[in-house]
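Notes follow the structure.
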Amino acid sequence: MLNRPEKLRVAVLVSGGGTNLQAILDARGTVIQHAEVVLVVSSQPGAYALERAKKANIPALAISKKELGSQAAFEAALTQALEDAQVELIVLAGFLTILSTDFTRRFAGKIINIHPALIPSFCGKGFYGLRVHEAALERGVKVTGATVHYVNEIPDGGEIILQKAVSVLPDDTPQTLQRRVMEQAEWILLPQAIEQIAESSQAAETNIK
Ligand code: GRF
């Protein structure tokens with residue numbers, strides 16, 4: 001008898017527009033076969049990503065460190081929401097709130113992030129959003145891209161899962177480069193990484209009796 005475990009339960013953590021969340025939602029049933037998005041958490045109450053979750057009928061909430069008043073209260077509320085939804089994989093998709101060492105250790109091996117550069121280039125503390133692409137253009141690299149990696153206590157320091165290269169064009173601005181990296185790398189890699197992890201965790205659980 002082949003025991004087919006349920007789909008991997010995924011939470012997506014967001015802070016902004018949610019284009020990476022949208023790429024994940026759009027990949028359900030095609031690239032993503034062995035995982036389901038069961039929760040979206042935004043660190044910003046007004047994030048458009050929450051609208052995207054609502055349109056997709058995915059349970060979503062905002063947990064604001066500013067409103068809760070401390071990192072500890074923020075992480076306690078986040079942990080509760082993740083445990084209530086029985087989340088097995090946490091996906092940081094444009095999520096801009098720092099997570100403590102305690103938090104990343106509690107969920108070690110269960111948190112992944114999409115970084116808009118080829119780690120170890122243009123990563124680490126302070127490298128997020130447009131700043132990453134400004135640095136790539138300042139350095140004059142001809143190729144950049146995106147990286148999906150596990151999250152640990154070192155900013156962008158966890159094990160690399162997938163990477164995809166994107167050419168830098170002579171007339172690129174930080175904005176045009178960011179858009180191309182999102183379209184040609186981030187939105188492709190994140191669904192692939194989720195499916196890769198879901199498949200391997202299902203293979204590990206599936207047993208033949
Ligand atoms: C973008 O800078 C993207 O490169 C990074 O997070 C930012 C917003 O992403 N991963 P999203 O549109 O909110 O997914």
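Read the numbers this way: they start at 1 and go in the same order the structure lists the ligands and their atoms. Computed from heavy atoms alone, side chains included, the values below leave out hydrogens, waters and symmetry copies. Just so it is clear, the model here is predicted, and its values are computed rather than measured.
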Approximate separation, where rounding is to 0.5 Å, of T144 OG1 and L137 CG: 8.5 Å
Protein heavy-atom partner closest to atom 10 (N) of ligand 1 - residue, atom, separation in Å: E186 OE1, 3.1 Å
Main-chain N/O of L169 paired with D172 side-chain donor or acceptor, under 3.5 Å: yes
Sole residue of L177, V166, V132 in side-chain contact (heavy atoms from CB on, under 4.5 Å) with P116: V132
Protein heavy atom at shortest distance from atom 12 (O) of ligand 1: T19 OG1, 2.6 Å
Atom indices of ligand 1, in the order listed, that fall short of 4.0 Å to a heavy atom of P116: 4 (O)
Taking atom 9 (O) of ligand 1 as the reference point, the nearest protein heavy atom with its distance: N20 ND2, 3.6 Å
Donor + acceptor pair across side chains of E75, S100 (<3.5 Å): yes
Contact check, I114 vs ligand 1, heavy-atom distance below 4.0 Å: yes
Ligand 1 contact by G129, heavy-atom criterion under 4.0 angstrom: yes
Ring geometry between H115 and H149 (parallel below 30°, tilted from 30 to 60°, perpendicular above 60°): perpendicular
Nitrogen or oxygen atoms of G18 and ligand 1 under 3.5 Å apart: yes
Atom 2 (O) of ligand 1: the protein heavy-atom neighbour that sits closest, reported with distance to 0.1 Å: Q178 NE2, 2.9 Å
Numbered atoms and elements of ligand 1 in range of G17, under 4.0 angstrom, heavy atoms: 13 (O)
SB check R105 E153 (cutoff 4.0 Å): yes
Closest non-hydrogen atom pair between I119 and T147, with its separation: N-OG1, 3.0 Å
Atom 7 (C) of ligand 1: the protein heavy-atom neighbour that sits closest, reported with distance to 0.1 Å: G94 CA, 4.1 Å
